[in-house]
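Notes follow the structure.
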Protein chains: 2
Amino acid sequence: MAQAQTLSRNQQIVLDIIEKAKGPLKAYSILYNVQKKGINAPQQIYRALDKLIEMGKIHKIESKNAFVACRSSDCEISKATAFSICESCEKVDEVSDAKLSKYLSSFNHKKGMKFKRFNLEFFGLCKKCK
Amino acid sequence: MAQAQTLSRNQQIVLDIIEKAKGPLKAYSILYNVQKKGINAPQQIYRALDKLIEMGKIHKIESKNAFVACRSSDCEISKATAFSICESCEKVDEVSDAKLSKYLSSFNHKKGMKFKRFNLEFFGLCKKCK
DNA sequence: ATCATGGTGTTATAATATAACGTTTGTTAT
DNA sequence: ATAACAAACGTTATATTATAACACCATGAT
Ligand SMILES: [Zn+2]
Ligand SMILES: [Zn+2]
Ligand SMILES: [Zn+2]
Ligand SMILES: [Zn+2]
C-alpha cells in the first residue's frame, strides 16, 4: 500500500533511463544523460532516486553506488533485496529466489534483533566471464 | 595461507583505532583521530583500510561507508560477511551463523553464476531500541 | 483563504575516494 | 653485502558521491 503510483516528471525521466540501461547506473552518469531534458543539478537526481527507491521501483547497489531497476516482484518495496554482481564485466542481476527470500526474512539474530529488511550482494563471475 | 600477519605501522594504527571503537568508523573520522600520530592524508588511511580488508581484519559496511573490526572467525578473509544494523542507534554487529553462512556459500544463481563471495546486511532495531 | 504536502530549480558545500609521483623500507637472491 | 624487487610511505592534487539550504509553485484539505 501507500505508493502514489503516479510519478512526477523528474522521477519518470530518471526511472526511464535506469530501466533502459543494461547495467547499474551511477547518479552522476544519470545526471549527464538528462541534462538535455533540463535537469541540471545532482539534487534533482538524488531526490528522484530517493523516491524511486522508497517506491521499490529501483534499488541501490551499495557496493557500487549505483542504481538498477527492480525486475522482481518478491522484493516488496525494497525490504528484501539480493543481487549477483560479476566482478569482471560488472553485470548485475537481481536474484529473485523465493526460498532465499523466505529464509532471510525469517532469520533472526541470536542477540534479539528483529529485522525489517535486508540486502544481499553476491560476487563472482557471471556465466559469460567464468 | 598468504597473509603476512605482520602489520605495517600505519596498518596497526588504523586497526587499533577500529578495534577500540564501539561502532563502525568512517575513513575521515579515523583520519582525524590519528593526525597526532603523523598520518595526514586520506590516502594513508585508505591504503591501510584496503590491506586490512584483504587480510580479513576489518570489514566495510557498504550501506554506511564505514569500517568495523572482524569479530568472527567464520568469515574467512572476508569472503562471507553478514551484519545486523540498527536503524535507530546505528549499532552494527557481525552476524556469525554457521548455517546461514553455509546456506549462502552454497547458493548458486539459476542463471549459472558461481559465487566467490557475499555480503549481507540486515536492518532493523536492536534489542535496546525496539 | 490558509495551510500543509510534495515537487521543483538553484547555489553552494560536505563527505568519500582515487590518481600520480617520488621516496623509503623490508625481503630475497646472488 | 649488495643488488633487485616488492610493499609501504608521504604528499599534492583531484575526482566522485552526496547533502544543506532557500525560494518558488502546484495540489488538495480545512
Ligand atoms: Zn526488486
Ligand atoms: Zn561477467
Ligand atoms: Zn568477520
Ligand atoms: Zn539500536
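Below, all heavy atoms of this structure are taken into account, side chains as well, without hydrogens, waters or symmetry copies. Chain letters run A, B, ... following the sequence lines, proteins first, then strands; residues in each count from 1.
If you take CG of B:L25 and P of C:dA17, they are 13 Å apart, rounded to a whole angstrom. Distance A:I45 CD1 to C:dT10 P: 13 Å, rounded to the nearest Å. The CZ atom of A:R9 sits 12 Å away from the C1' atom of C:dG9 (whole-angstrom rounding). One atom, CD of B:Q44, and another, P of C:dT24, lie 15 Å apart when rounded to the nearest Å. Distance CZ (B:R47) to C1' (C:dT23): 11 Å, rounded to an integer number of Å. Distance, A:L7 CG to C:dG6 C1': 14 Å, rounded to whole Å.
Between its two ends, the helix from C:dA1-D:dT30 to C:dT30-D:dA1 turns its axis by 40°, counting five pairs per end and rounding to 10 degrees.
Counted within 6.0 Å of CZ on B:R9, heavy atoms from surrounding residues, nucleotides or ligands total 12 or fewer; the atom is thus considered open. Counting heavy atoms of neighbouring residues, nucleotides and ligands inside a 6.0 Å radius, atom NZ of A:K116 exceeds 12 of them.
Clustering of Ile, Leu, Val, Met, Phe, Trp and Tyr side chains at separations under 4.5 Å places A:V68 together with A:I61, A:F83, A:I85, A:V92, A:F123.
A salt bridge is absent between A:E19 and A:K57; no separation between the charged side-chain nitrogens and carboxylate oxygens falls under 4.0 Å. Salt-bridge formation is not detected for the pair A:R117/B:E121: no Lys NZ or Arg NE/NH1/NH2 atom is positioned less than 4.0 Å from an Asp or Glu carboxylate oxygen.
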For residues 24-37 of chain B, which side-chain N or O atoms pair as donor and acceptor with protein atoms under 3.5 Å away, sequence neighbours left out?
from	atom 1	to	atom 2	distance (Å)
B:K26	NZ	B:K64	O	3.1
B:N33	ND2	B:S29	O	2.6

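Heavy-atom distances under 4.0 Å link DNA chain C to B:K60, B:N65 of residues 57-65 of chain B, given in residue order. Only B:N40, listed by number, bring a heavy atom of residues 28-40 of chain B to less than 4.0 angstrom from any atom of DNA chain D.
Judged by distance alone, with hydrogens and angles left aside, the side-chain atoms of B:S101 form no donor-acceptor pair with the main-chain N or O of B:D97 at under 3.5 Å. Of the possible polar contacts, one joining the A:Q11 side chain to the A:S8 backbone as a donor-acceptor pair under 3.5 Å is found. Judged by distance alone, with hydrogens and angles left aside, the side-chain atoms of A:D93 form no donor-acceptor pair with the main-chain N or O of A:K91 at under 3.5 Å.
Along DNA chain D, the nucleotide nearest B:A41 and the nucleotide nearest A:D50 are compared for position; the residue whose nucleotide lies closer to the 5' end is B:A41. If you find the closest nucleotide of DNA chain D to B:S8 and to A:Q43, the one lying nearer the 5' end belongs to B:S8.
Note on B:V95 and B:F115: same hydrophobic cluster, where clusters join Ile, Leu, Val, Met, Phe, Trp and Tyr whose side-chain heavy atoms are under 4.5 Å apart, directly or indirectly. A single hydrophobic cluster is not seen to contain both B:F122 and B:L125; linkage of ILVMFWY side chains at heavy-atom distances under 4.5 Å, directly or through other members, places them apart.
If you check every strand for non-hydrogen atoms under 4.0 Å, A:Q11 touches sugar and phosphate atoms only.
A:D16 and A:Q12 are linked by a side-chain donor-acceptor pair at a separation below 3.5 angstrom, with hydrogens and angles left out of the test.
Atom CG in A:L15 sits 11.0 Å away from atom CD1 in A:I13 (nearest 0.5 Å).
Read 5' to 3', the first and last nucleotides of DNA chain D with an atom closer than 4.0 Å to a heavy atom of chain B are D:dA8 to D:dT12.
Under 4.0 angstrom from either OP1 or OP2 of C:dG6 there lies no side-chain N or O belonging to A:K51.
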Open item on the list: Quick one, A:M55 with A:L7, criterion side chain to side chain contact (heavy atoms under 4.5 Å, CB included). Give me CA distance, side-chain angles, the key distance, then yes/no.
Closed with: CA-CA 10 Å; A:M55 293 174 193; A:L7 301 183; 3.3 Å; yes
